[in-house]
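Let me begin by presenting the structure, written as structure tokens, before commenting on it.
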Amino acid sequence: MDEIEVPPFFLCPISLEIMKDPVTVSTGITYDRESIEKWLFSGKNETCPVTKQPIPDSELTPNHTLRRLIQAWCTMNASLGIERIPTPKPPVNKTQIVKLINDAKSPQSQIKCLRRLRSIAAESETNKRCLEAAGAVDFLASLIGNNDNDNNDENDMSFDYFTRASDEALCVLSNLHLSETVLKNLMAKNLGFVESLTKVMQRGSYESRVHAVVLLKSAMEVADPMRIIGLRPEFFVELVQVLKDQQVSRPALKAALHLLIQLCPWGRNRIKAVEAGAVPVLIELLLEVNASERRRCCEMAMAALDLLCGCAEGRAEFLAHGAGIAVVSKKILRVSQVVSEKAVRILFSISKFSATSGVLQEMLQLGVVAKLCLVLQVDCGSKTKEKAREILRLHARTWKNSSCVPMHLLSSYPA
């Protein structure tokens with residue numbers, strides 16, 4: 001391909017490859033559909049890459065003339081190994097989507113509709129935006145969690161259809177990668193949306209639970225503060241269950257940790273998370289995490305644990321776990337500066353508010369005091385050093401003259 005002279009106007013300005021489906025944006029520049037869709041939708045850009053002018057409507061007009069020229073050129077150079085570019089399938093339009101949704105009346109037709117929507121969304125970013133514009137988001141949200149078996153026999157076919165419809169709808173909605181505006185509208189229109197997703201986490205399939213927690217992460221980022229404060233305890237119970245699941249995918253694990261970090265500062269959410277069993281689960285997660293492979297998970301778990309140890313209930317749960325102090329201190333200076341900072345903050349909360357004589361002796365015997373002295377000697381961030389210094393000063397009478405602290409570290413003990 002490098003030896004063949006390609007007319008420059010056949011090349012996409014972004015990827016510099018031959019265009020397969022040339023489309024023109026409102027600024028008059030032509031791009032390959034896949035490249036400009038990735039720029040506009042996945043990259044969340046709103047300007048033309050060449051002219052830098054805004055593209056307000058993101059409408060892509062097929063350039064049929066250029067496509068035919070490219071196809072003709074490919075045919076003329078077939079002997080040189082150039083394959084003819086097939087005529088692209090036109091994007092779906094809003095009218096087609098609306099008709100598809102309106103025809104989905106019965107459970108059976110809903111399943112067929114959802115599978116078709118899933119196929120359409122997978123074809124292109126333009127199709128995904130068309131689904132949003134045609135009202136598919138509200139339709140999909142109305143089906144999620146709509147499988148309550150109180151009024152259905154367990155063997156009833158209708159219950160099976162409702163469950164399958166809910167799973168399919170959640171999969172499509174998750175794969176749409178909804179914009180912030182669309183998510184806000186969805187949360188405003190569908191007040192029971194979070195409860196529906198919680199229901200899916202309670203009794204949905206493995207794949208549906210993963211989609212639910214990832215979608216919840218996006219929804220909570222744009223949710224009204226009152227919605228966040230009013231989250232039910234059941235929500236946190238199911239969130240903790242996702243963290244406990246050893247088979248859960250990494251994206252779902254990160255989404256669950258992100259949710260804890262995002263929600264705990266609001267209202268009584270920290271207490272709800274503690275009562276749901278989040279503290280021991282986070283400690284177990286830190287025990288299992290391979291720091292070299294999953295540094296980000298370790299940072300997020302430590303950040304969540306730091307938030308939960310900010311309340312008395314969280315500190316009590318932390319100290320009730322036999323490995324709490326040990327695993328937190330072990331992570332200091334071993335994973336990242338973020339982990340070291342959060343770990344020292346946790347130890348500060350414990351030493352300031354929950355420092356019984358037993359706890360102080362445990363910290364001494366586990367080498368926590370020695371590790372804090374080491375922190376003062378190395379380059380690990382000013383905030384981390386300051387917190388470590390405060391901890392050592394708080395309990396200098398108990399720790400300073402202990403034989404458990406090596407002499408070369410004891411010399412750095414603050415006055």
Side-chain angles (χ1 to χ4, degrees), residues 243 254 256-274 278-287 289 291 294-356 358-360 362-364 366-396 398-399 405 409 412-414:
L243 293 175
K254 287 184 177 180
L257 288 169
H258 183 96
L259 274 168
L260 266 185
I261 296 168
Q262 180 184 5
L263 301 177
C264 281
W266 294 87
R268 288 181 52 82
N269 287 346
R270 185 158 30 195
I271 307 297
K272 296 172 188 175
V274 171
V279 172
V281 170
L282 289 171
I283 293 172
E284 294 295 328
L285 184 60
L286 287 169
L287 285 168
V289 165
R294 304 173 75 178
R295 188 184 77 173
R296 182 56 183 156
C297 287
C298 187
E299 289 176 346
M300 295 176 76
M302 197 70 80
L305 194 56
D306 175 33
L307 284 169
L308 296 180
C309 285
C311 65
E313 294 84 352
R315 291 191 295 274
E317 288 290 308
F318 178 83
L319 293 173
H321 195 292
I325 294 176
V327 70
V328 166
S329 63
K330 185 179 179 180
K331 299 295 182 184
I332 298 174
L333 304 179
R334 288 196 174 193
V335 183
S336 69
Q337 187 166 318
V338 171
V339 169
S340 295
E341 180 184 344
K342 298 300 181 183
V344 172
R345 280 175 56 90
I346 292 169
L347 294 175
F348 176 78
S349 295
I350 297 299
S351 62
K352 184 173 183 179
F353 301 108
S354 306
T356 63
V359 169
L360 295 179
E362 182 181 358
M363 293 177 73
L364 191 61
L366 288 174
V368 177
V369 181
K371 178 66 76 73
L372 293 173
C373 290
L374 181 61
V375 165
L376 299 182
Q377 295 184 354
V378 300
D379 182 17
C380 61
S382 58
K383 290 183 179 180
T384 305
K385 283 190 174 186
E386 186 55 38
K387 284 293 180 186
R389 189 174 287 109
E390 289 184 49
I391 296 171
L392 293 172
R393 282 173 175 165
L394 276 172
H395 305 291
T398 304
W399 292 337
V405 184
L409 293 176
S412 63
Y413 205 105

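Throughout, numbering of the chain's residues begins at 1 and tracks the sequence. Predicted, not measured: the structure shown is a model, and the values here were computed from it.
At distances below 3.5 Å, at least one donor-acceptor pair connects side-chain atoms of R315 with backbone N or O atoms of C309. No donor-acceptor distance shorter than 3.5 angstrom exists from the side chain of R393 to the backbone of P414, with no hydrogens or angles considered. A donor-acceptor pair is defined here as one N or O able to donate and one able to accept, closer than 3.5 Å; no such pair exists between the side chain of K342 and the backbone of M302.
Of all heavy-atom pairs between Y413 and L392, the closest is OH-O, 2.6 Å. Between S351 and H395 the shortest heavy-atom distance is O-NE2, 2.7 Å. The shortest non-hydrogen separation linking P280 to E317 is CD-OE1, 4.0 Å. Of all non-hydrogen atoms in R334 and K330, the two that sit nearest each other are CD-O, 3.0 Å. Here the closest non-hydrogen pair linking V344 and A388 is CG1-N, 3.6 Å. E362 and G322 make their closest contact through OE2-O, 4.2 Å (heavy atoms, listed as atom of the first residue, atom of the second, distance).
For R345, the salt bridge (Lys or Arg N to Asp or Glu O under 4.0 Å) test picks out D306, with sequence neighbours left out. Applying the side chain to side chain donor-acceptor pair (under 3.5 Å) criterion to E386, with sequence neighbours excluded, gives R389. The salt bridge (Lys or Arg N to Asp or Glu O under 4.0 Å) test applied to E299 returns R295, R296, not counting sequence neighbours.
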Audit row: L394, F348, side-chain contact (heavy atoms from CB on, under 4.5 Å) steps and yes/no: CA-CA 9 Å; L394 276 172; F348 176 78; 4.2 Å; yes

Check against side-chain contact (heavy atoms from CB on, under 4.5 Å), L308 and C264: CA-CA 8 Å; L308 296 180; C264 281; 3.7 Å; yes

Audit row: M300, I261, side-chain contact (heavy atoms from CB on, under 4.5 Å) steps and yes/no: CA-CA 8 Å; M300 295 176 76; I261 296 168; 4.0 Å; yes

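Using a 4.5 Å heavy-atom threshold, the side chains of V281 and E284 count as separate. A 4.5 Å side-chain heavy-atom check between I332 and L347 finds at least one atom pair inside the cut-off. Considering only heavy atoms from C-beta on, V279 stays 4.5 Å or farther from H321 through its side chain. With contacts defined as side-chain heavy-atom distances shorter than 4.5 Å, the pair V375/S340 does not qualify. In this structure the side chain of W399 reaches within 4.5 angstrom of the side chain of I391, judged on heavy atoms. Proximity of L282 to L257: side-chain heavy atoms (C-beta onward) are separated by under 4.5 Å at one or more points. Using a 4.5 Å cut-off on side-chain heavy atoms (C-beta onward), M363 and I325 make contact. Annotation: side chain of L319 is in contact with side chain of I350 (closest heavy-atom distance under 4.5 Å).
If you take CG on L307 and CG on N269, they are separated by 11.0 Å, rounding to the nearest 0.5 Å. Between the CG atom in D379 and the CD atom in Q337 there is a gap of 7.0 Å [rounded to 0.5 Å].
The environment of K385 atom NZ is dense: over 12 non-hydrogen atoms of other residues, nucleotides or ligands sit within 6.0 angstrom.
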